[in-house]
**Student:** 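Sharing a structure with you now.
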Amino acid sequence: MTAASATSVASAAPASPTAAVPLTPIFIRIKLSLLRNGLKGNSKRKAAWFGTLAFTLVVGFFLTLGLALLRGHAHAGTVVVMLAAIIALAWAFMPLFFPTGDETLDPSRLVMLPLRPRPLVRALLASSLVGIGPLFTLCLAIGSVVAVAHGGAGIAAAVLAVPLLILGCVALARAVATANVRLLTSRKGRDLALLSGLLIALGGQLVNFASRRLFQAGGLAQLEPVEAVVRWLPPATAVGMVDSASEGSYGVAAAQLAVTLAALAGLLWFWERSLTKLMVTPDGSTIAAAKPEKDRGTGGGFWSLLPGGRTGAAMQRTLRYVVRDPKTKSAWVTALAIGVIVPVFNALQGTGSVYLACFGAGMLGVQMYNQFGQDTSAFWMVAQTISTPRDAYVELRARALATALVTVPYTVLVTALTAALVDNWAGFPAALGLALGLLGSMLCTGALASARFPYSIPSDGAFKNVAPGQAGLAWSGIFGGLLASALISSPVIALTVWAAVTDQQSIGWLLLPVGVAWGTLATWAGLRISAPTVARKLPEILQAVSKG
């Protein structure tokens, strides 16, 4: 909620303490004003919002129709109850990963206004029902109850279930967001956004894995034991109540209704308590530090193992970006996770290959691209120390060494894990040699792309990774680099394919040193070729990476 919105609430407050003005209509008008004012004077934002609305309506309509077509199916109840649980989970956790999606999720902006928690809960709950998310949930809720509602009792239960499901989801989202609002608005809390890419990748693989197992092992009937438990977990109990009432189990339906109402009341109570605590408890910015910050040396521990001079300093700087910078950390964690998820899940599904370990090497090799952009505007400090191609070479070499310090052991571990899961230790050396050769080729092309296609990474917005007007540079560097990496590593790829086709397992151990040597040579060549370009185009690189 903006300062102008807060002023609107304050101006709407009664002049006399005995007068009472309902907050709910005021907050609904504020939410509508936020939506309307956010679209003024920006045609792109307006087109995006209306496009999202149209897409939501179209998808919601077809999903509602699809759910309605399940009416009469033997497993319709199982499908809609599990769907209700998934919707509730999405509502609970999405605000943690996208806290900037709705600025009214931060009630701490209202702490200076004379508002009581209970009326504020009602007002925020009502205003939360305005938006695209609740509209999409309404479509799914209607389709779910239509699929299972039969007879007068089922229809009556359905009329209650739709608002209870939506209110339960919204109250759950608000309660979780309010309880974690201090975390979400802190710098460390914003690091939660890095989990979104990981969860999306993991969720996609889990859905793929679960769907295959379901259809291989008897279909939706396998979900019935899980659904029997989930139908007693609110707010999925609202949909389970409709199914129970339609089957004539009125006692069970009444119990599920009671559980749904009790859970909704508990969520509202927890939300009110969290809101009260938020309103009266000062945050860390108003409390003096209790203890002096400990002296943290930079030369001990792990850092003492790095080489000295400029190389060690640049390696340490690069690795600290991975640990401390939210966007760099997000990219690395997502790459590390997806790199192991893809080969492992394919192995568990029986479609794996030891050579899928190369996927992890490819994901990590991309982190070498746009090395200077991750420094953002602070790159000017690094640029002051580069005056010759030799300086540029040492800087690029240090960044490549820092990347290899993580990627090489990771590639070895992922390849070994994949070989164990697919029970193909004979192919381990060839797969590892191919992965390391590909990694070296990507370090080579990453240095070239960093020198020729640098772009800025904006500091604002958790998911804005390219400054406006530089998307072409980013795509050119990444896709051009990937294509060049495939060409550079083609000799190793051809040798590996030949060994696999002709079943020459005896030369598998020969492919390992060949891949290592080829990757090292490619990396060295890429650094040598890129260094003069960096030294010559340093002002252009500095200007490109400082635009964000």
Side-chain angles (χ1 to χ4, degrees), residues 292-329 331-333 335-336 361 364-413 436-437 439-451 454 457 513 516-539 541-542 545-546:
E293 188 173 352
K294 295 180 180 180
D295 182 24
R296 297 184 179 91
T298 59
F302 168 76
W303 307 117
S304 62
L305 302 177
L306 299 179
R310 177 178 186 138
T311 299
M315 290 180 65
Q316 184 176 158
R317 180 191 344 113
T318 301
L319 294 173
R320 285 188 183 276
Y321 277 143
V322 176
V323 176
R324 295 182 177 180
D325 181 63
K327 291 193 175 182
T328 306
K329 185 192 299 183
W332 272 90
V333 170
L336 289 168
L364 292 177
V366 175
Q367 307 310 311
M368 184 64 186
Y369 291 65
N370 196 34
Q371 278 292 303
F372 305 128
Q374 69 177 4
D375 295 5
T376 62
S377 58
F379 178 66
W380 73 270
M381 299 181 68
V382 179
Q384 302 304 311
T385 66
I386 299 176
S387 57
T388 64
R390 174 64 184 174
D391 295 335
Y393 171 75
V394 174
E395 177 69 26
L396 285 171
R397 183 185 63 185
R399 293 175 184 247
L401 287 173
T403 304
L405 191 63
V406 178
T407 56
V408 172
Y410 173 85
T411 302
V412 175
L413 290 175
L436 293 177
L439 177 61
S441 300
M442 296 195 71
L443 293 178
C444 165
T445 56
L448 293 170
S450 298
I457 301 176
V516 173
W518 190 267
T520 304
L521 178 63
T523 302
W524 174 83
L527 297 176
R528 282 293 183 186
I529 296 172
S530 303
T533 304
V534 172
R536 184 177 66 255
K537 300 178 62 176
L538 194 60
I541 295 174
L542 180 59
V545 303
S546 301

**Student:** Backbone N or O of Thr385 within a donor-acceptor pair of the Arg310 side chain at under 3.5 Å?
**Tutor:**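 Checking the backbone N and O of Thr385 against the side chain of Arg310, a donor-acceptor pair under 3.5 Å is found.
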
**Student:** State, to 0.1 Å, how close Gly312 and Leu306 come at their nearest heavy-atom pair, and which atoms those are.
**Tutor:**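 Distance-wise, the nearest heavy atoms are O-CD1, 4.0 Å.
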
**Student:** So, Thr311 side chain and Pro307 main chain: donor-acceptor pair closer than 3.5 Å or not?
**Tutor:**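 Pair absent, no side-chain N/O of Thr311 close to backbone of Pro307.
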
**Student:** Would you say that Leu364 contacts Thr403 through its side chain, given a criterion of any heavy-atom pair below 4.5 Å between the two side chains?
**Tutor:**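 When only atoms from C-beta onward are counted, Thr403 and Leu364 do not touch, as no gap falls below 4.5 Å.
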
**Student:** Tell me, do Thr407 and Trp332 make a side-chain contact under 4.5 Å, heavy atoms counted?
**Tutor:**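 Yes. Closest side-chain heavy atoms under 4.5 Å.
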
**Student:** Compare every heavy atom of Ala335 with every heavy atom of Gln367, then report the nearest pair and how far apart it is.
**Tutor:**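 Looks like NE2-CB, 3.6 Å.
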
**Student:** What I want to find out is whether Arg317 reaches Glu395 closely enough, with some N-O distance under 4.0 Å, to be called a salt bridge.
**Tutor:**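 So Arg317 pairs with Glu395 through a salt bridge.
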
**Student:** Going by atom types only, do Tyr369 and Thr445 share a side-chain donor-acceptor pair under 3.5 Å?
**Tutor:**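 Note: Tyr369 and Thr445 side chains meet the donor-acceptor criterion.
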
**Student:** Please test Arg399 against Phe372 for side-chain contact (heavy atoms from CB on, under 4.5 Å), starting from the C-alpha separation and ending with a verdict.
**Tutor:** CA-CA 10 Å; Arg399 293 175 184 247; Phe372 305 128; 4.0 Å; yes

**Student:** Does the side chain of Arg397 come under 3.5 Å of the side chain of Thr523 through a donor N or O and an acceptor N or O?
**Tutor:**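 Absent: no donor and acceptor within the cut-off.
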
**Student:** For Ser530 and Gly526, work out which heavy atoms get closest and say how close.
**Tutor:**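 Taking every non-hydrogen atom into account, OG-O, 2.7 Å.
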
**Student:** Identify the heavy atoms of Ala535 and Ala392 that sit nearest to each other, and give their distance.
**Tutor:**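 For Ala535 and Ala392, the tightest heavy-atom pair comes out as N-CB, 4.2 Å.
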
**Student:** Provide the closest heavy-atom pair for Ala404 versus Pro409 in the form atom of the first, atom of the second, distance.
**Tutor:**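 Between these two residues, the closest heavy atoms are O-CD, 3.7 Å.
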
**Student:** Looking at SG of Cys444 and CG of Leu439, how far apart are the two atoms once the value is rounded to the nearest 0.5 Å?
**Tutor:**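 It is 11.5 Å, given to the nearest 0.5 Å.
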
**Student:** Heavy atoms only: give me the nearest Gly440-Ala522 pair and the separation to one decimal.
**Tutor:**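 Closest pair (atom of Gly440, atom of Ala522, distance): O-CB, 4.0 Å.
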
**Student:** Do the non-hydrogen side-chain atoms of Leu448 and Thr533 ever get within less than 4.5 Å of each other?
**Tutor:**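 Contact flag for Leu448/Thr533 side chains = no.
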
**Student:** When rounded to the nearest 0.5 angstrom, what distance separates CH2 in Trp380 from CG in Leu542?
**Tutor:**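 That separation rounds to 9.5 Å.
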
**Student:** Is there a donor-acceptor pair closer than 3.5 Å between any side-chain N or O of Tyr321 and the backbone N or O of Thr328?
**Tutor:**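 Absent.
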
**Student:** Does the Ser450 side chain pair with the main chain of Met368, one donor and one acceptor, at a distance under 3.5 Å?
**Tutor:**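 Pair found, side chain donor or acceptor close to backbone of Met368.
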
**Student:** Could you tell me whether the side chain of Leu443 reaches within less than 4.5 Å of the side chain of Trp524, counting heavy atoms only?
**Tutor:**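 The answer is no; the side chains never approach within 4.5 Å.
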
**Student:** Quick one: does Leu538's side chain get under 4.5 Å of Phe379's, heavy atoms only?
**Tutor:**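 SC-SC contact between Leu538 and Phe379 confirmed.
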
**Student:** Show, in sequence, the C-alpha distance, side-chain angles and deciding distance for Val534 and Leu396, and conclude whether the side-chain contact (heavy atoms from CB on, under 4.5 Å) test is met.
**Tutor:** CA-CA 9 Å; Val534 172; Leu396 285 171; 4.0 Å; yes

